[in-house]
Amino acid sequence: MQVPAPFEYERATSVDHAIALMDRLGSEARLVAGGHSLLPMMKLRLANFEYLIDINDLHDELGFIRVTDDEVRIGAMTRHRELLESDELAAVFPIFRDAEKVIADPVVRNRGTLGGSLCQADPSEDLSAVCTTLNASCVIRSGDGERIVGMEEFHVGPYETAVADGQMLTEIRIPVRAGGSSAYEKVERRAGDWAVVSSGAAIWMDGANIADARVGLAAVGPNTTGIPGIAEALAGQPPSDELFAQAGAIAAASANPSTDMRGSAEYKTHLANELTQRALRRAAARAQEA
Amino acid sequence: MQVTMSVNGEEVTKEIEGRLLLVHFIRDHLGLTGTHWGCDTSNCGTCVVWMDDEPVKSCTVLAAMAGGRTVRTVEGLEVDGVLDPVQQGFIECHGLQCGFCTPGMMMTARALLDENPNPSEEEIREAISGQICRCTGYSTIIRSIQWAAAKEAETPVTVGSAS
Ligand SMILES: Cc1cc2nc3c(=O)[nH]c(=O)nc-3n(C[C@H](O)[C@H](O)[C@H](O)COP(=O)(O)OP(=O)(O)OC[C@H]3O[C@@H](n4cnc5c(N)ncnc54)[C@H](O)[C@@H]3O)c2cc1C
Ligand code: FES
Ligand code: FES
């Protein structure tokens, strides 16, 4: 039987209350959102804390998807299921629905949150790849106020983020730019599993030519970036399979996967290439339709 | 610590440890052993119960997190001696062999039909995709859920949480 080591349970009723609790309890306290990454780790005794602060009552305050003409804001307590079901979000960023369809399973998606996913910072985690693709920024709050960091700064390393003790992620903000669309491609071993590799792509068109593009990869090593080399190769060109093959090769070259039970490094590198091409093709087709 | 929640429409209050998982609270503290406990790793889904009307894997929820919330277990499907159409469907269509996965399958099925009374086969497969059955090969489970949907279309039942 897997049971976490003993801890004290506290329940926060607001963001301010959660921060006050963290300030009072110090580095031995941890937030629990959906609990679907943290509790399994605590059950395996890979993580132990003296206090858990339950932030599920903050869903009213931090469970939201707000779409405006130039920006989308999503609260940290927004659950996978809400991200999957939001038509408004799918209309501006179809990549979210593509990804959410293949993140875990419907029952896990009832609990897991955007904030928990990003803060877990598992290199195989899908929403980080989505947020990297879309150039999201993260709003981090502490007793001293708010600061905003980009995804590259947010992810310090595997399982490590810019969120320090006494701080929490409250929302992400994604810029909306004209002429764009996006898509997500993932290969998994079975339904509901973590990615062998995933690739997200966003493309912005200027008439018949590509103006800009970003690609975010998951499960190919730590610290994925938007891969600026791909934007350089694609900008100013009309979309074509040859062009996307070039982009796939750039993605593969920037991947640094390791061989594990999910696949060999060679296979994963191949997937980074192929899935990037597919995601770009689909994003471009969607952008041209719109 | 003390926790109070509604389980199958009844309010329960117990003294528990903060680290107690909901599945053990339900089985060991309340004696409701219809909810099964299998993989312990949020993969098999036999521990699925409803929390505030949504299916959750109770091996990955703290009992304390369910405090003040509404929980419904497989025991809450039957009302006044009348089986839920989902339970009837599993009998009619042989939706179980060993029965280990059955409580979780039925709780997910009930939630699906409340939301979508006429699901396609694909929608049923998706809904139960976080749950593992080692016996049936899933076909009879899908048929059981289809049976329940057909039954309810004929005789609408009042559904929702028992509370
Ligand atoms: C069976 C299974 C399959 C899965 N498959 C996938 C998959 O295919 N792809 C995928 O991407 N994920 C997958 N997941 C992970 C799932 O998406 C998790 O729900 C998610 O990673 C964590 O979200 P959570 O809300 O449960 O976080 P928690 O477990 O509650 O928290 C995770 C970490 O984040 C911290 N935290 C949470 N919220 C905040 C906040 N607002 N501010 C600061 N810190 C915070 C916690 O302290 C903790 O350290 C799977 C999980 C399971 C159990
Ligand atoms: S025991 Fe909870 S999912 Fe298997
Ligand atoms: S009936 Fe035996 S596991 Fe499903």
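So you know, we letter chains A, B, ... as the sequences are listed, proteins then strands, and number each from 1.
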- request: Starting from the C-alpha separation in whole Å, work towards a yes-or-no answer on side-chain contact (heavy atoms from CB on, under 4.5 Å) for A:His155 and A:Thr161.
  value: CA-CA 5 Å; A:His155 277 155; A:Thr161 70; 4.2 Å; yes

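- Proximity to chain A is absent for every atom of B:Arg125, based on heavy atoms less than 4.5 angstrom apart.
- A side-chain donor-acceptor contact under 3.5 Å links A:His59 and A:Glu82.
- For a residue to count as touching a neighbouring chain, one of its non-hydrogen atoms must lie under 4.5 Å from one of that chain's; by this rule A:Met42 does not touch chain B.
- Ion pairing of A:Arg97 with A:Asp87 is present here, as a side-chain N (NZ or NE/NH1/NH2) and a carboxylate O approach within less than 4.0 Å.
- Electrostatic pairing of B:Glu92 and B:Lys151 does not count as a salt bridge here, judged by no charged N lying under 4.0 Å from a carboxylate O.
- Contact annotation for A:Leu52: only side-chain heavy atoms (C-beta onward) come within less than 4.5 Å of a heavy atom of chain B.
- For A:Asp193, no part sits under 4.5 Å from any heavy atom of chain B, backbone or side chain.
- Of the listed residues B:Glu17, B:Met65, B:His24, the one with more heavy-atom pairs under 4.5 angstrom with chain A than any other is B:Met65.
- B:Glu122 and B:Ser120 form no side-chain donor-acceptor contact under 3.5 Å, judged by distance and modelled atom types alone.
- Comment: A:Arg24 does not engage A:Glu8 in a salt bridge, judged by the lack of any side-chain N to carboxylate O separation of less than 4.0 angstrom.
- Taking the charged nitrogens against the carboxylate oxygens, A:Glu188 and A:Lys101 have no contact shorter than 4.0 Å, which rules out a salt bridge.
- For a residue to count as touching a neighbouring chain, one of its non-hydrogen atoms must lie under 4.5 Å from one of that chain's; by this rule B:Val48 touches chain A with the side chain only.
- Per-residue heavy-atom pair counts under 4.5 Å with chain B were compared for A:Ala191, A:Gly192, A:Ala5, and the maximum is reached by A:Ala5.
- For the options B:Met1, B:Arg19, B:Lys57, heavy-atom pairs under 4.5 Å to chain A are most numerous at B:Arg19.
- Between chain B and the residues A:Arg109, A:Arg81, A:Arg190, the largest count of heavy-atom pairs under 4.5 Å involves A:Arg81.
- Within the 4.5 angstrom heavy-atom criterion, only side-chain atoms of B:Thr108, from C-beta onward, approach chain A.
- If you measure heavy-atom distances from B:Gln131 to chain A, the contacts under 4.5 Å come from the side chain alone.
- Ranked by heavy-atom pairs under 4.5 Å with chain A, the list B:Ser129, B:Ala64, B:Gly18 is led by B:Ala64.
- Put simply, of B:Gly68, B:Cys59, B:Gly45, the one with the most heavy-atom pairs under 4.5 Å next to chain A is B:Cys59.
- Around the CZ atom of A:Arg66, the shell of radius 6.0 Å holds no more than 12 heavy atoms that belong to other residues, nucleotides or ligands.
- For B:Arg134, the CZ atom is loosely surrounded, since the number of other residues' heavy atoms within 6.0 Å does not exceed 12.
- Interface residue B:Leu62: backbone and side-chain heavy atoms are both found under 4.5 Å from chain A.
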message: With salt bridge (charged side-chain N to carboxylate O under 4.0 Å, His left out) as the criterion, how do B:Lys14 and B:Asp28 come out once you've worked through the C-alpha distance, each side chain's angles and the decisive distance to 0.1 Å?
response: CA-CA 12 Å; B:Lys14 297 270 178 194; B:Asp28 303 342; over 6 Å; no

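- For chain B, no part of A:Ala104 is nearby; none of its heavy atoms comes within less than 4.5 Å.
- The part of A:Asp54 that comes within reach of chain B is its side chain, from C-beta onward, which places non-hydrogen atoms under 4.5 angstrom from that chain.
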